[in-house]
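What follows is one structure encoded as structure tokens, with my remarks underneath.
Basis for what follows: all heavy atoms, side chains included, without hydrogens, waters or symmetry-related copies. Whatever order the structure lists ligands and atoms in, that order sets their numbers, starting from 1. None of the values given here were measured: they were computed from a predicted structure. Nothing fancy with the numbering, it's 1 onward along the sequence.
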Amino acid sequence: MVTVGVLGLQGAVSEHVRSIEACGAKAVVVKKVEQLEDIDGLILPGGESTTMRRLIDRYGFMEPLKSFAASGKPLFGTCAGLILLAKEVVGYENPHLGLMDVTVERNSFGRQVDSFEADLTIKGLDKPFVGVFIRAPHVVKVGEGVEVLAEHDGRIVAAREGQFLGCSFHPELTDDHRFTELFINMVNIAVAV
Ligand code: GLN
């Protein structure tokens, strides 16, 4: 059984734990840098990217997270987590972790509609998936090695680049665990090689 961590500094942490367990993997809430050694893959949850970034700096997670990625282990960013993963954030001079070759824009679905649900067609899933969007970012641009997995209203809302998976919506907030399962499969494969 693989062990998947959820960065537990802020945001929708317990929902991801529930979803990981529903997929039959072991979940760990990562609050200390040392815990990164015990996990095979890591989820960066939704929440508030600026707050999470501040906590990443305060608790010394920046370099350890980069080394975790450099070791080849899979990372999955949802919503604010995707913003943390991105190599570029529109309107910001510097990225946060700057790992995944995508450019994201924050709060990009308009201010009147803060949150909504949409049926998404996602590559790798046979039936539509209900995406829950909460002040969600979208992917403006992808690099060459990035595979677009889903779009909504002509905007990219899910993508994968090798060990990195990212989505604009909150896959952990429904009882449909298929998108989390895609990530668990990535972790399973990474552990096997
Ligand atoms: N708007 C948030 C941000 O920019 C993301 C929202 C979310 O994660 N649900 O960080």
His170, portion touching ligand 1 at heavy-atom distance under 4.0 Å: side chain
Any heavy atom of Arg106 under 4.0 Å from ligand 1? The part involved is side chain
List in chain and number order the residues that pass ring-ring contact (aromatic ring centres under 6.0 Å, His included) with Phe183, two or more places apart in sequence or in another chain; answer none if no residue qualifies. Phe76
Once salt bridge (charged side-chain N to carboxylate O under 4.0 Å, His left out) is applied, do any residues pair with Asp40, and if so which ones, sequence neighbours excluded? none
May I ask you to check whether Ala80 has an N/O atom sitting below 3.5 Å from an N/O atom of ligand 1? yes
With atom 5 (C) of ligand 1 as the reference point, say which of Gly47, Ala136, Gly81, Ser115 has the nearest heavy atom. Gly47
Give the residue, atom name and distance (to 0.1 Å) of the protein heavy atom nearest atom 1 (N) of ligand 1. Asn107 OD1, 2.7 Å
Between Lys127 and Asp119, is there a salt bridge with N-O shorter than 4.0 Å? no
Test item: side-chain donor near acceptor, Ser168 and His152, under 3.5 Å: no
Taking 4.0 angstrom as the limit and counting only heavy atoms of Gly46, give me the atoms of ligand 1 inside it, by number and element. 8 (O)
Under a 4.0 angstrom heavy-atom cut-off, which atoms of ligand 1 come close to Ser49? 3 (C), 4 (O), 10 (O)
Is there side-chain contact between Phe61 and Leu36, with at least one heavy-atom pair below 4.5 Å? yes
Side-chain donor/acceptor of Arg18 to backbone N/O of Glu172, under 3.5 Å: yes
Checking contacts here: is it the side chain or the backbone of Ile83 that comes within 4.0 Å of ligand 1, counting heavy atoms only? Could be both or neither. side chain
In this structure, which one of Val6, Leu7, Leu44 forms a side chain to side chain contact (heavy atoms under 4.5 Å, CB included) with His16? Val6
Under a 4.0 angstrom heavy-atom cut-off, which atoms of ligand 1 come close to Cys79? 5 (C), 6 (C), 7 (C), 8 (O), 9 (N)
